[in-house]
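Data block below; observations after.
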Protein chains: 2
Amino acid sequence: MPGTVQSIERAAAILRMLAGGPGRLGLAEIARSLDLAKGTVHGILRTLQHVGFVEQDRGSGHYQLGAALLHLGTSYLDINELRSRSINWADPLAARSGEAVRIGTVLEGRVLVVHHVFRPDDTFQTLDIGTLLPLHATALGKVLLAYRAERPAADLDRYTHRTVVAAKELAAELERVREAGWGADVEEYTVGEAAVAAPIRGYGGLVVGAIGVSGLVERICDSRYRPQPKLVGYVRDAARAVSRDLGAARR
Amino acid sequence: MPGTVQSIERAAAILRMLAGGPGRLGLAEIARSLDLAKGTVHGILRTLQHVGFVEQDRGSGHYQLGAALLHLGTSYLDINELRSRSINWADPLAARSGEAVRIGTVLEGRVLVVHHVFRPDDTFQTLDIGTLLPLHATALGKVLLAYRAERPAADLDRYTHRTVVAAKELAAELERVREAGWGADVEEYTVGEAAVAAPIRGYGGLVVGAIGVSGLVERICDSRYRPQPKLVGYVRDAARAVSRDLGAARR
DNA sequence: GAGAGCGTTCGACAATGCCGAACGCCGTTC
DNA sequence: GAACGGCGTTCGGCATTGTCGAACGCTCTC
């Protein structure tokens, strides 16, 4: 691929560093991690600060992400077609299933949540939009993995005692997802919670996202830890409806 | 100020263009707007696409914001202190007032909404986090203007027949806000709606944000279009509480 | 079929970004 | 209190990188 602009790539790497980890980093630490001169990093940070993508804490001198990114992030949501087509189906799915609904796509080897409808009750919930979830340990992620050339990381993180961490076992699980046309995680990402997801296809039949419901394992699954067929049906119905909307939009 | 990295500034300008307007732009249009060569813009877009900040529509060739920005945007929210300190007071204010609550700060000469609590009822509402609002035509904006060296744009946009568009009138209005310690907009931004806001101060007493409630004008105001004193009190209480939290965090 | 405008590519060139070195400041240790 | 280490910042020389004009192929319109 022809050359890219090095300083923009470096700036993006700095922003990604700031988005991961503790959120605030010193210049020297960034320079060490990226193997760049401190003067180089300083020039990039000064520019990012100038455009509002980074802010510097006056006391500690540390850097953090800036406010301008919030507007860019939500502007992305406004034009994200997967999300705009899914919104109409996500609320009814939450109402019908009684569970929280999330829609995700792949970003940087993980699931990026682009829409989230709260479970329709009064419990305390936090909005997951913008969150990155693991591919191998979530229902959304398994579905996205199953239909992509995407390879999961060689080293799979364990989140609970039920997380699949062996590559062979994951491959077998993904085969099951392809056969069934839906995926699940049962206490593989969060203890006490389970989820079911199905693929959303775009123009030409490619999988561009996934939609799923999640909740307490005893509500999502029967006594033998299998997702309730009723819920699976609801999710697949919603996935098909969104897929139709996405396909139709391209005609 | 010492030199900044030109190509990063240009990349940021392109991203801001894509965030405004229709959301999808052609390369030639971006080049014209920024007075850059098409080859230059192409190199920058290719790099932004490579890092996930931009996507290209295969059919039309047009460019749009990319998924990576969503994660950066929400990561910013996670570390935004104004927001994290405000969250505890925003829900009670919504419950107490029965209205929607928003918290905002200044970005690019406008109000950036960093937190939004829905009005506690079942009406359809859309989440405003990440949205940019005008300074001169909103309660949040007037409060932020009143306590900043920030100058509003010379040319003030009109949103309703009640929008203040004369600089002198706005200056007088901001003087009133400073005197009263809170601001309001009564059908100045949205017909049929009114809002009340109060300043949130950070360490050293500087105004770093504003918190406000908004709703139908007949619920926010009395019959003479004056905000109800009870609501004003609730908002000011919440603003003081958040300000204390922000001040306390720096000790 | 001609023309206009698009996105893309390429190579020459000079402008810019990079980095080593040095600085002042701050916190820690002795 | 002095010394030390590591921080963020600044600066200037240099060569690498980014820029841009020109050309291309494609698509759409007339």
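Just so it is clear: chains get the letters A, B, ... in the order the sequence lines come, proteins before strands, and each one is counted from 1.
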A/Arg46, nearest nucleotide to its side chain (from D/dT10, D/dC7, D/dT9)
D/dT10

Rounded to whole angstrom units, what separation is found between the CG atom of A/Leu34 and the P atom of C/dC19?
11 Å

Answer whether the closest heavy-atom distance between the side chains of A/Val101 and A/His116 falls below 4.5 Å.
no

Please state how far atom CD1 in B/Ile30 lies from atom P in C/dG5, giving the value in whole angstrom units.
18 Å

In whole Å, what is the span from the CZ atom of B/Arg32 to the C1' atom of C/dG7?
13 Å

Please check the phosphate of D/dT9 (OP1 and OP2 only) for any side-chain N or O of A/Tyr63 closer than 4.0 Å.
yes

Strand DNA chain C as a dot-bracket string - pairs counted if Watson-Crick or G-U with both distances under 3.5 Å, | where the partner lies in another strand
||||||||||||||||||||||||||||||

Is B/Arg16 reaching over with its side chain to a backbone N or O of B/Ala11, donor-acceptor style, under 3.5 angstrom?
no

With respect to the side chain of A/Gln56, which nucleotide from C/dT8, D/dG8, D/dG18 is positioned closest?
D/dG8

What contact category does A/Arg10 fall into here, base, sugar-phosphate, or nothing, at under 4.0 angstrom with non-hydrogen atoms?
sugar-phosphate

Test side-chain hydrogen bond (donor to acceptor under 3.5 Å, both in side chains) on B/His50 and A/Glu9 and set out the steps.
CA-CA 8 Å; B/His50 181 64; A/Glu9 284 199 310; 3.0 Å; yes

Mapping A/Gly61 and A/Ile8 to their closest nucleotides on DNA chain D, which lands nearer the 5' end?
A/Gly61

Pick base, sugar-phosphate or nothing for A/Thr40, based on heavy-atom distances below 4.0 Å to the nucleic acid.
base

In terms of side-chain heavy atoms of A/Ala37, which of D/dC20, C/dG7, C/dC19 is nearest?
C/dC19

From C-beta outward on B/Ser7, which listed nucleotide comes closest to its side chain: D/dG8, D/dT19, C/dG7?
D/dT19

Rounding to an integer number of Å, can you tell me how far B/Leu27 CG sits from C/dT9 C1'?
12 Å

Check whether any side-chain N or O of A/Arg24 sits under 3.5 Å from a backbone N or O of A/Gln64 as a donor-acceptor pair, and report yes or no.
no

Mind calculating the distance between CD (B/Glu29) and C1' (C/dC6) to the nearest angstrom?
12 Å

Determine yes or no for a side-chain-to-main-chain donor-acceptor pair under 3.5 angstrom, with B/Thr74 supplying the side chain and B/His71 the backbone.
yes

Between D/dG18 (C1') and B/His42 (NE2): distance, integer Å:
15 Å

Between the main-chain N or O of A/His62 and the side-chain N or O of A/Ser60, is there a donor-acceptor pair closer than 3.5 Å?
yes

Give the rounded distance in Å between these two atoms: CZ of A/Arg58 and C1' of C/dC25.
18 Å

Kindly say if B/Gln6 contacts the phosphate of D/dG18, meaning a side-chain N or O under 4.0 Å from OP1 or OP2.
no

A/Leu45 atom CG is separated from D/dG8 atom C1', nearest whole Å, by 10 Å

Donor-acceptor check, side chain of B/Arg201 to backbone of B/Ser243, threshold 3.5 angstrom: yes or no?
no

So B/Asp245 and B/Trp89, do their side chains get closer than 4.5 Å, heavy atoms only?
yes

By the 4.0 Å heavy-atom rule, please label B/Gly26 as base, sugar-phosphate, or nothing.
sugar-phosphate

